[in-house]
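Just so you know, these numbers use all the heavy atoms, side chains as well, and skip hydrogens, waters and symmetry mates. Heads up: numbering here begins at 1 and tracks the sequence.
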Amino acid sequence: MGRNRVRRKKRLEKERSLITFFSPKSPISEQYRTIRTNIQFASIDTDTRVITITSASPGEGKSTTAANLAAALAQQDYKVLLIDADLRKPSCHYYFNIDNHLGLTNVLLNRNNLSEVVRETIIPNLSLLTCGTIPPNPSEILGVKRMNSLMNEVRGFYDYVIIDSPPVLVVTDAQLLAQKSDGVILVVSSGHTIRENAKKAKELLTHARGKILGVILNRYNRKINKKDHLYYGDY
Ligand SMILES: Nc1ncnc2c1ncn2[C@@H]1O[C@H](COP(=O)(O)OP(=O)(O)O)[C@@H](O)[C@H]1O
Ligand SMILES: [Mg+2]
């Protein structure tokens, strides 16, 4: 397959994955709305508005969860910003068919203002800050001072900020993002995430003073697991 065809396939696949928007009545969208409600309950006493989505390893559904959760919140008329902070494997832009020329990294390197690079999506109230130019030193870039002022800036402007991140066990970025967020959601992929890895990820996040809001069980197959149910609970 040619490079363009591969890109197109990837884009179409991601667009379809934005199920809360394209199939709002599906049971999966309903699950995202349940998670949304749980987040809202978590925000009653403490200000829980900046939330990092992560998981132990690659391919467990972090980006899919981040995009759909951000969409579900925006559909309730909250002003939402989705930030793609997976600087190694950015993918949020695919869900909305937006290019990734400028984004988070360009702001962190003081090359652009936030307002220049934040993009509107097809979903009203949902804005996207794509990853931007992929840097040679992703780990250092999230640690720059500008990151803190950027977080303050977005906090003042949006009701919710959802941050997509790289896997916890692969690089330290998610721990750093957890520190800067009000809460973290750990995605666990049914039949894919190794229990020990999920535990290790949780430990690393807690050690980094990340507040784990809950765990999302992704790729759960009701037909295979008849006795249990899909859950989103306190850890
Ligand atoms: N619940 C699900 N059911 C089916 N496919 C899924 C599900 N969650 C994620 N995927 C697919 O799995 C792949 C990896 O998901 P992604 O969200 O990109 O993971 P991560 O960001 O953790 O690497 C994508 O192709 C995505 O469309
Ligand atoms: Mg991802």
Side-chain angles (χ1 to χ4, degrees), residues 7 10-11 13-21 32 49-55 57-74 79-109 111-123 125-144 146-148 150-151 153-155 157-158 160-168 170-181 183-187 216 218:
R7 269 208 202 120
K10 209 167 169 181
R11 176 169 66 73
E13 188 190 310
K14 290 287 181 201
E15 274 186 39
R16 272 200 303 272
S17 312
L18 198 58
I19 193 160
T20 39
F21 181 69
Y32 282 116
R49 298 190 297 119
V50 179
I51 298 163
T52 291
I53 312 293
T54 196
S55 76
S57 311
E60 291 174 316
K62 293 176 286 297
S63 303
T64 310
T65 303
N68 279 288
L69 202 51
L73 284 161
K79 231 173 135 43
V80 183
L81 178 68
L82 172 63
I83 301 181
D84 194 342
D86 188 343
L87 308 186
R88 291 168 182 78
K89 208 172 157 261
S91 70
C92 289
H93 57 290
Y94 290 121
Y95 293 86
F96 304 94
N97 192 15
I98 284 175
D99 65 76
N100 179 34
H101 297 318
L102 293 173
L104 175 63
T105 57
N106 307 85
V107 177
L108 293 181
L109 294 171
R111 303 256 159 80
N112 293 88
N113 293 324
L114 190 62
S115 57
E116 291 169 335
V117 299
V118 166
R119 310 283 295 268
E120 296 313 313
T121 68
I122 40 167
I123 302 178
N125 299 314
L126 177 57
S127 304
L128 172 66
L129 178 57
T130 65
C131 156
T133 314
I134 297 182
N137 53 344
S139 300
E140 291 157 42
I141 209 161
L142 289 174
V144 299
R146 179 73 180 99
M147 184 67 185
N148 292 335
L150 181 129
M151 295 306 278
E153 216 175 311
V154 296
R155 211 179 256 285
F157 198 73
Y158 295 96
Y160 285 100
V161 178
I162 303 295
I163 307 178
D164 186 20
S165 71
V168 182
V170 180
V171 284
T172 54
D173 303 19
Q175 293 174 59
L176 196 85
L177 293 165
Q179 263 170 26
K180 297 184 191 297
S181 311
V184 185
I185 290 177
L186 194 64
V187 178
I216 290 178
N218 190 28

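- With hydrogens and angles ignored, the 3.5 Å screen pairs no side-chain donor or acceptor of Asp86 with any backbone N or O of Asp164.
- Using a 4.5 Å heavy-atom cutoff, the side chains of Arg146 and Val107 are in contact.
- Distance check, rounded to the nearest 0.5 Å: CG of Leu176 to CG of Leu142 gives 6.0 Å.
- Take Tyr32 and apply the ring pair (Phe, Tyr, Trp, His ring centres under 6.0 Å) test, not counting sequence neighbours, and it matches no residue.
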Show your working on side-chain contact (heavy atoms from CB on, under 4.5 Å) between Thr105 and Ile134 and close with a plain yes or no.
CA-CA 7 Å; Thr105 57; Ile134 297 182; over 6 Å; no
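- Side-chain contact between Leu126 and Phe96 is present, with at least one heavy-atom pair separated by less than 4.5 Å.
- In this structure, CD1 in Ile51 is found 4.5 Å from CD1 in Ile162, a value given to the nearest 0.5 Å.
- A search for salt bridge (charged side-chain N to carboxylate O under 4.0 Å, His left out) contacts involving Asp173 returns Arg88, not counting sequence neighbours.
- Annotation for Ser57 and Lys62: closest pair O-NZ, 2.9 Å, computed over non-hydrogen atoms.
- Listed for the Thr54 side chain is no donor-acceptor partner under 3.5 Å among the backbone atoms of Ile185.
- Without hydrogens or angle criteria, Asp84 side chain to Cys92 main chain gives a donor-acceptor distance under 3.5 Å.
- Contact check for Thr133 versus Asn106: side-chain heavy atoms found under the 4.5 Å cut-off.
- For the atom pair CZ of Arg119 and CG of Leu82, the computed distance is 13.5 Å after rounding to the nearest 0.5 Å.
- For the residue pair Cys131 and Asn100, the shortest heavy atom distance occurs at N-OD1, 3.4 Å.
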Kindly determine whether Arg155 and Val161 satisfy side-chain contact (heavy atoms from CB on, under 4.5 Å), including the steps that lead there.
CA-CA 7 Å; Arg155 211 179 256 285; Val161 178; 6.0 Å; no
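- Between Tyr160 and Leu69 there is no side-chain heavy-atom pair separated by less than 4.5 Å.
- Contact record, Leu104 with Leu129: N-CD1, 3.6 Å, taken as the closest heavy-atom pair.
- Applying the side chain to side chain contact (heavy atoms under 4.5 Å, CB included) test to Asn113 and every residue at least two apart in sequence or in another chain returns Ser115, Glu116.
- Residues Val170 and Lys89 have side chains not in contact (no heavy-atom distance under 4.5 Å, counting atoms from C-beta outward).
- A distance-only check finds a donor-acceptor pair linking the side chain of Tyr95 to the backbone of Thr64 [under 3.5 Å].
- The CG atom of Asp99 sits 7.0 Å away from the OG1 atom of Thr130 when rounded to the nearest 0.5 Å.
- Minimum interatomic distance between Pro166 and Ala174 (heavy atoms only, all atoms of both residues): O-CB, 3.6 Å.
- When side chains are defined from C-beta on, Asn218 does not count as touching Glu60, because their heavy atoms never get closer than 4.5 Å.
- Using a 4.5 Å heavy-atom cutoff, the side chains of Val118 and Tyr158 are in contact.
- Residues Lys180 and Thr52 are not in side-chain contact: their nearest non-hydrogen atoms beyond the backbone lie 4.5 Å or more apart.
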Decide side-chain contact (heavy atoms from CB on, under 4.5 Å) for Leu81 and Ser127; before the verdict, give the C-alpha distance in whole Å, the side-chain angles of both, and the deciding distance to 0.1 Å.
CA-CA 5 Å; Leu81 178 68; Ser127 304; 3.8 Å; yes
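- The structure places CG of Leu18 at 8.0 Å from OG1 of Thr121, a figure rounded to the nearest 0.5 Å.
- For the pair Ser165 (side chain) and Ala85 (backbone), a donor-acceptor distance under 3.5 Å is absent.
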